[in-house]
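The chain is numbered in sequence order, starting from 1.
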Amino acid sequence: MARTSPEPKGEIITFRIPLALKAALSKIAAEEAKPVGEVLRELIRQRVKDKERREFEAEARRQSLLIAEAAKDPSSDEAQVMRELDANFDEFSRELAAQEDAADKRRARKWK
């Protein structure tokens with residue numbers, strides 16, 4: 001069968017799996033019209049991507065908690081940024097509410 005992956009040839013990994021698991025994997029590969037090896041590569045890529053995402057989210061949370069702690073000091077730069085963000089959000093909320101009110105009025109006039 002022709003190669004379906006655009007990636008260059010890589011390392012070979014050999015491992016054992018139960019016959020029933022191999023049969024189920026082969027069935028999935030056949031249904032997707034892909035070689036079993038490509039299905040395995042996709043699974044591995046997704047697993048690596050999921051792990052990287054979890055690590056990224058954990059680091060983002062760690063940094064967020066540090067910033068939140070620093071923002072407790074009202075004279076900190078972090079507290080100033082939070083005040084600016086709150087002000088921007090409040091302004092955005094007012095603008096959105098005004099747009100929604102105008103749209104509601106237009107719809108009400110249309111259906112009178």
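D73 and A79 get closest at one heavy-atom pair: O-CB, 3.3 Å. Contact record, K34 with V39: CB-CG2, 4.1 Å, taken as the closest heavy-atom pair. Here the closest non-hydrogen pair linking A70 and S76 is O-OG, 3.0 Å.
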Side-chain donor-acceptor distances from residues 60-67 under 3.5 Å, at least two apart:
unit_1, atom_1, unit_2, atom_2, d
R62, NE, E59, OE1, 2.9
R62, NE, E59, OE2, 3.4
R62, NH2, E59, OE2, 2.6
Q63, NE2, E59, OE2, 2.7

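Look at D86 and R83 and you find no salt bridge, because none of the NZ, NE, NH1 or NH2 atoms lies under 4.0 Å from a carboxylate O. Salt-bridge check for E38 with R41: passed, with a basic side-chain N closer than 4.0 Å to an acidic carboxylate O. Salt bridge K72/E78: absent, no basic N to carboxylate O contact under 4.0 Å.
No single ILVMFWY cluster, assembled from side-chain heavy atoms under 4.5 Å apart, contains both I44 and I28. Note on L21 and L25: same hydrophobic cluster, where clusters join Ile, Leu, Val, Met, Phe, Trp and Tyr whose side-chain heavy atoms are under 4.5 Å apart, directly or indirectly. The hydrophobic cluster containing L19 does not contain V36, counting ILVMFWY residues as joined when their side-chain heavy atoms lie under 4.5 angstrom apart, directly or transitively. Put simply, I13 and L43 are part of the same group of oily side chains (I, L, V, M, F, W, Y) that touch within less than 4.5 Å, one to the next.
One distance of note links CG of L96 with CZ of F89; it measures 9.0 Å at 0.5 Å rounding. Rounding to the nearest 0.5 Å places OG of S93 at 9.5 Å from CD of E100. Between the CG atom of D104 and the CZ atom of R109 there is a distance of 11.0 Å, given to the nearest 0.5 Å. Taken to the nearest 0.5 Å, the NZ atom of K49 stands 13.0 Å off from the CZ atom of R54.
Defined by atom type and a distance below 3.5 Å, a donor-acceptor pair is missing between the side-chain atoms of E84 and N88.
Looking at heavy atoms from C-beta onward, E42 lies in side-chain contact with E32 at the 4.5 angstrom threshold.
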